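Written out below as C-alpha cells is the structure these notes cover.
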Amino acid sequence: MSVAPEISVVLDDRFARELPEMGIPWQARTPPDPRLLVLNETLAAGLGLDSDWLRSPNGLRFLVGTLVPAGATPVAQAYAGHQFGGLVPRLGDGRALLLGELVDDRGYIRDLHLKGSGQTPFARGGDGLAGVGAMMREYLVSEAMHALSVPTTRSLAVVSTGRPIHRETQLPGAVLVRVAGSHLRVGSFQFAALTGDVDLIRRLADHAIARHYPSAAKAERPYLALFEAVVAAQASLIARWMLIGFVHGVMNTDNMTISGETIDYGPCAFMEAYDPDTVFSSIDSWGRYAYGNQPAIAGWNLARFAETLLPLLADDVDEGIALAEASFGAFAAVYDATWSSGMRAKLGLPADLHGEILTPLFDELLRLLKESHVDYTSFFRHLGDAARGDAEPARGLFADLAGFDTWLSTWRALGPDAASMDRANPIYIPRNHLVEEALTAATAGDLTPVEQLLDAVTAPYDKRPGFERYAQPAPEDFGNYQTFCGT
C-alpha cells in the first residue's frame, strides 16, 4: 500500500477512529494488471472525484485500494449475522475494505468501499477475491435500483485485476468500488452485543444516530428513536422491493443496513411471472427468502436488531422489550402505506381513494396475475395502454379473460391516469436473461452488452426505439433461473 499525500482526494477515517473494536486495519492486495472496465462518471462527479484522474494509473491504484490518501485508515469491518436463521458470531468483511468516508455534493457522508480486494482476517478460508461477472452484476443491478428510486448502495467502478480466480472454472478477477450512506448493518450491532460491552453498543448506536438519524439524538429516548427510524426505513425499502418485483435472495441480518439502503447484490434477481413463492438463490432450497416472504423476514431481522439495543432502551429488560414491541408496530403501518401508495400509482389511481375500495382491487389483481403466470413488469406497462383505450395487450396475458375483464371494468371506472402510470411503471429492468448475457460477455472481455443494458435500465421509464428486446420477458428456453452468491 502506498500513501500519497499529494493526491487531492480526502478520506475521513471516522469509523476506524470512533469504533476501533469494529474493524481491523488492513490493506488491499495489489492487482498485477488493473484495468478499468466501467466507471460511473455521474456518481464520481457527485463525490467530487475527477473522472479523468480516476482513469489514470494513480487513479486506478486509488480505486483498487493500493494508493491511499494520507490520513485514511482502510479497515475490514467486523459484524456478525443470522445466515438463513442461524447465528454466526463472527463474519466481517472477508473480501472487502472500507477505504474511508467522503462528503458528496449534497453534504452527505458516503463510504467508499471495496469488494474483491483480497483476503482479510475475516475471510474464513476464502480467497478474498471476486470475479468480473459477480462484480458487474452488482454494478448493473444497483444502478438500476437507483434509477428506480429504490434506496441502494451505488457502484462507482469495476476494475479487472489481471489475477484469475478459481471457482467452478477459472474466471477473470475484479474489484468493485461501492458507495453507501454507511456499511452499518444489523449484524454490526449483533457483533457489538455479543462482546457484552454495553459501552461499545452505545458508541455504535451514537455513531449510527450521528450518521443517519441525527434527530434521534434530541428524542427523550434516543436509542428507541434510532430503532423506530430503522424500522421505518426498512419497512419503506422492502415495500419498494415488492412493488418492482425485486428478490434480494439473501436477507441475512448482515445484509440489512441501518440506513435503509439495499446492500449486497449476490443472488438477487427480478421476478418475471408473478408468484409470491419465487426463489432464485441456489442455496435457498426451502424458500426462506422468497419474494413473498421478504416483509416477514425484514421484521424478523429487525427483532434481532431490537435485541441488541435492549441494554440501551431501559434498565429493566422487560421494559425494554415492551418499548421495542410497541415501536415495532410501525413496521406494518409504514410498509402498508408505502406499498398501497406505490400500487395506487402503478394503477394510475387518484390519491383520495380509500382502502375499502383499493384493497379488494389490489387483492383480486394479484390473484389473477398469479393464476395466469403474468409477467409482472410488462403487465403494468400494458395496463397503461388499457387506460388509453387499448386493453388487448393486457388482456392477452391472462387465461381467465372473464375474470380479468371484470377487474378491468372496476378499475376503469375509477378513472386511471395513463400518463402517471408511465411515470410509475418501468419498461426496462435488469431481466435475468439479459443480465446473464451481459455478464457472460463481460467475463469473455466484451463490455458492449453491459453498456447497452446499463443504458436501458438507468432510464427505465422512457420507451425508446431499438430497445424492444430489453422490455421482453425471458424466452421459454431460458429455463428455471438460479443465482449464486459469487464468492
Side-chain angles (χ1 to χ4, degrees), residues 2 4 7-11 28-69 72 74 96-106 108 110-117 129-147 152-163 172-181 261 263 265 430 435 438-439 441-460 486:
S2 301
I7 70 174
S8 60
V9 181
V10 176
L11 293 180
R29 188 173 177 181
T30 301
D33 184 23
R35 296 176 185 269
L36 186 65
L37 298 182
V38 59
L39 176 66
N40 191 332
E41 295 192 4
T42 302
L43 179 57
L47 296 170
L49 301 174
D50 181 78
S51 293
D52 290 338
W53 180 78
L54 290 174
R55 295 178 185 279
S56 72
N58 276 349
L60 282 182
R61 291 172 63 207
F62 170 74
L63 287 173
V64 298
T66 57
L67 185 64
V68 178
L97 287 177
L98 172 63
L99 293 182
E101 300 104 49
L102 42 73
V103 179
D104 69 13
D105 56 0
R106 297 184 299 162
Y108 294 115
R110 293 286 179 260
D111 278 358
L112 201 63
H113 188 266
L114 304 181
K115 286 182 73 173
S117 53
L129 305 176
V132 166
M135 298 302 93
M136 203 65 81
R137 174 191 294 277
E138 179 148 346
Y139 191 107
L140 274 166
V141 182
S142 64
E143 288 308 298
M145 294 285 272
H146 175 71
T152 181
T153 58
R154 302 282 308 275
S155 294
L156 176 62
V158 177
V159 182
S160 66
T161 62
R163 178 184 292 112
V175 172
L176 172 80
V177 189
R178 184 163 69 190
V179 176
E261 294 168 295
I263 190 172
Y265 291 92
V435 170
L439 300 189
T443 298
D446 179 8
L447 295 177
T448 301
V450 166
E451 293 165 354
Q452 292 173 337
L453 183 54
L454 268 172
D455 189 16
V457 300
T458 54

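Please read all numbers here as calculations on a predicted model, not as lab measurements. All heavy atoms count here, side chains included; hydrogens, waters and symmetry mates do not.
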Let me see the working for Leu37 and Tyr139 under side-chain contact (heavy atoms from CB on, under 4.5 Å), right down to the final yes or no. CA-CA 11 Å; Leu37 298 182; Tyr139 191 107; over 6 Å; no
Do Leu156 and Leu49 pass the side-chain contact (heavy atoms from CB on, under 4.5 Å) test, and can you show the C-alpha distance, the side-chain angles, and the key distance before you say yes or no? CA-CA 10 Å; Leu156 176 62; Leu49 301 174; 3.9 Å; yes
Please tabulate, for side-chain N and O atoms in residues 450-458, each donor-acceptor pair with protein atoms closer than 3.5 Å (sequence neighbours left out).
| unit_1 | atom_1 | unit_2 | atom_2 | d |
| --- | --- | --- | --- | --- |
| Gln452 | OE1 | Tyr470 | OH | 3.4 |
| Asp455 | OD1 | Arg464 | NH1 | 3.3 |
| Thr458 | OG1 | Leu454 | O | 2.5 |

With Val175, the side chain to side chain contact (heavy atoms under 4.5 Å, CB included) member among Val158, Val132, Leu114: Leu114
side-chain contact (heavy atoms from CB on, under 4.5 Å) between Leu102 and Leu47, intermediate numbers included: CA-CA 7 Å; Leu102 42 73; Leu47 296 170; 3.4 Å; yes
Would you check if there is a donor-acceptor pair between the side chains of Thr448 and Asp446 at a distance under 3.5 Å? yes
Under 3.5 Å side-chain donor-acceptor pair for Ser142 and Ser155: yes
Shortest non-hydrogen contact from [X] toward [Y]:
X	Y	answer
Arg163	Pro32	NH2-CD, 3.4 Å
Gly65	Leu99	CA-CD2, 4.0 Å
Glu138	Tyr265	OE1-N, 3.6 Å
Leu63	Ala157	CD1-CB, 4.2 Å

With a 4.0 Å cut-off on N to O distance, would you call Glu143 and Arg154 a salt bridge? yes
Taking it one step at a time, do Thr443 and Met136 satisfy side-chain contact (heavy atoms from CB on, under 4.5 Å)? CA-CA 9 Å; Thr443 298; Met136 203 65 81; over 6 Å; no
So, does Glu261 use its side chain to make a donor-acceptor pair with the main chain of Gly181 at under 3.5 Å? yes
Is there a side-chain contact between Pro430 and Leu140 in this structure, where contact means two heavy atoms from C-beta onward sitting under 4.5 Å apart? no
